[in-house]
Protein chains: 2
Amino acid sequence: MESRHLRYALALAEHQHFGRAAAALGIAQPPLSQQIAALERELGARLFDRTARGVFPTAAGEAFLARARRALAEMSAAVSDAGRAARGETGRLRLGFIGSALLELLPAVLGTFIRDRPGVRLGLQEMSTRRSTAALLAGELDLAIGRGAPRGAGAEDLVSVTVGRDHLVAVVGAAHPFAGQAKVSLEQLKGQHLIVAPAEEEPTVAAWLAGLLGEGADTPARAGGVTEAWDAHTIIGLASCGVGVGLGPTCLRVAARPDVRVCEVSPRVELPELVMSFRAQDRSPVLAAFLDITRERCPGVADRLERHLGTR
Amino acid sequence: MESRHLRYALALAEHQHFGRAAAALGIAQPPLSQQIAALERELGARLFDRTARGVFPTAAGEAFLARARRALAEMSAAVSDAGRAARGETGRLRLGFIGSALLELLPAVLGTFIRDRPGVRLGLQEMSTRRSTAALLAGELDLAIGRGAPRGAGAEDLVSVTVGRDHLVAVVGAAHPFAGQAKVSLEQLKGQHLIVAPAEEEPTVAAWLAGLLGEGADTPARAGGVTEAWDAHTIIGLASCGVGVGLGPTCLRVAARPDVRVCEVSPRVELPELVMSFRAQDRSPVLAAFLDITRERCPGVADRLERHLGTR
DNA sequence: CGAGGCGATATCCAGGAGATATCGTTGGCG
DNA sequence: CGCCAACGATATCTCCTGGATATCGCCTCG
């Protein structure tokens, strides 16, 4: 039995007339008679009563037609669902990102994405660069935003694009001696208690910090000590109440509150760039849509993305 | 798009391998490749990723497959539903009957029918012979049990079979003078208050009664008066409390309670027979099943039914 | 009782589903 | 590093079957 038989039976039930049903189907009347007869033979049951006043479904026909309608509805839904999924209008996008992405990149992109793709289920999870890279390779994420290009086993299966480049800034409370300064020198930082991201989660920042403070077991002691804070808002919060000097990426400026001051660090310390990564073989249209929007909303990213996507 | 494409896509998703999926489908591998390619071309979307490790559905493929499974399930349900309906295992049987049928005929048949055909929705409605005949012709009933063969317009479209033949009996309370008698003569009845079915609903009984009491406007006055009761239990109830003498078909014996006595009327008055009617062109398997059971449970009916059904 | 409408049947044709053979690519393994 | 095996895609041919045309049989209605 093919879906053709369902379509023919439904047309016949609708028109109650072989000739008109066949015309509506775009075929001649004899093939319709044959197909209906073949269907009835296969089912071993008469589906239609051919009377002088018209063609009417039997009880078996009614039961069959009810199911047939649903079957055809499912089939056309299959087509439209597949189309929507292929166009990226439905589906899922699982995104792992470091907190910094929440300050500039994601606000610029997510709003447009959610408005344009209301049918897409977005999964957002803040996580360290290390974890998001691993989750991406394991297929648990579709997109990762981290700091520094992924390295290590499997990294060659990923496409990574720089989506932001920033440097270190210092955050202090309004009452702090640095508060009035536009710049803070490295020398000035050396005596201060520092608030930074944990070394194991942001190794590149930690490495720079080690260079600043000097290597060795006694490093924190040479300075004013180090407090580790997991996210930007905590760094700012701690700085605002005078715990110490917060150090973090430029995007801390966006999260800054009225009661803190953000100072440039002089000389400028470039941080590993913000990198967006996805699986090179991932052809997901939802991902493509997200990348499209990223391209539109972040002009600087466009050409770098083109280079990678062009090769796909 | 045909259901073949759905089956092929599902097989491919299941086996994740063109060759094995084709083997499972009983076809060679190239046709499967072609059909999948044609499906993807028609949808304008790639449904499967052909990788070195196997063939996996894309997001669009997942969406399509989910609908495809349901569509095929509906199709096979259409087949089995039609089969069940054709075998009379599901469906509906609307039955209109006079109360007398509840006393012997229906108890003998309904139990078996309900047990044998649990999937059939039974519609039972007590109604007069006149109403059930009209409803049958209007297509509002599938089967009617009444007294006397249907007459009038449309009666020739009905098949009617006698399913019971009975005569008049009298019912009296245990304290009534007739209570000890096995027979009551017509002469004895003439002075009594009679309890009978309404004339407009059971014209044949009423006609007999008119003959018994004599025609004319003053008929009730010549006897002890007439009370009309719509059903057997009411007749018996009224008789038991001494209102008068109940008159009704033999099957009143079945409904008789300990506090009433049933007497034969002498000489015997034959009542119009109980008749089961259905539309001659009705090929409903549920109706056929009901008639089958009637044939089994009521041996006397069998040959009369055969005669009618043989000509269908 | 004849005409017209309708579904079934007979016959022929062509499109396409499927079979066979082969190719191109890729991944694994010696 | 290169060969081989596996797998999906492609090419070509065959044959089935869905569909078109012509016609028949039957029923209804004027």
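All heavy atoms count here, side chains included; hydrogens, waters and symmetry mates do not. Naming convention: chains lettered A, B, ... in sequence-line order (proteins, then strands); numbering from 1 in each chain.
The nearest whole Å value for the distance from the CD atom in Gln16(A) to the C1' atom in dG5(C) is 17 Å. Atom NE2 in His15(A) sits roughly 17 Å away from atom C1' in dG7(C) (whole-Å rounding). Rounded to whole Å, the distance from CZ on Phe18(A) to P on dG19(D) is 14 Å. Straight-line distance from the CD1 atom of Ile36(A) to the C1' atom of dG19(D): 15 Å, rounded to whole Å. Protein atom CZ of Phe48(A) is 17 Å distant from nucleotide atom P of dC6(C), rounded to whole Å. Atom-to-atom, CZ of Arg20(A) to C1' of dG5(C) comes out at 11 Å; the value is rounded to the nearest Å. The distance between atom CZ of Arg53(A) and atom P of dC27(D), rounded to the nearest whole Å, is 14 Å. In this structure, Met1(A) atom CE and dT17(D) atom C1' are separated by 18 Å, rounded to whole Å.
In terms of the ring pair (Phe, Tyr, Trp, His ring centres under 6.0 Å) criterion, residue partners of Phe290(B) (sequence neighbours excluded) are, by chain and number, Phe113(B).
Judged purely by atom type and a 3.5 angstrom limit, Thr129(B) uses its side chain to pair as donor or acceptor with the backbone of Arg147(B).
Inter-residue side-chain proximity for Leu12(A) and Ile36(A) is flagged as met; some heavy-atom pair is nearer than 4.5 Å.
Classification of Arg69(A) and Glu14(A) as a salt-bridged pair fails, no side-chain N sitting under 4.0 Å from a carboxylate O. Salt bridge status for Glu2(B) with Arg4(B): absent, with no side-chain N to carboxylate O gap under 4.0 Å. Between Asp142(A) and Arg279(A) there is a salt bridge, with a side-chain nitrogen of the basic residue lying less than 4.0 Å from a carboxylate oxygen of the acidic one.
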In 5'-to-3' order, the base (B), backbone-only (S) or no-contact (-) status of each nucleotide in nucleotides 12-21 of chain C, using a 4.0 angstrom heavy-atom cut-off, is -----SBBBB
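Within the structure, a side-chain polar atom (N or O) of His17(B) is placed less than 4.0 Å from OP1 or OP2 of dG8(D). Here Ser33(B) reaches the OP1 or OP2 of dA9(D): one of its side-chain N or O atoms lies under 4.0 Å away.
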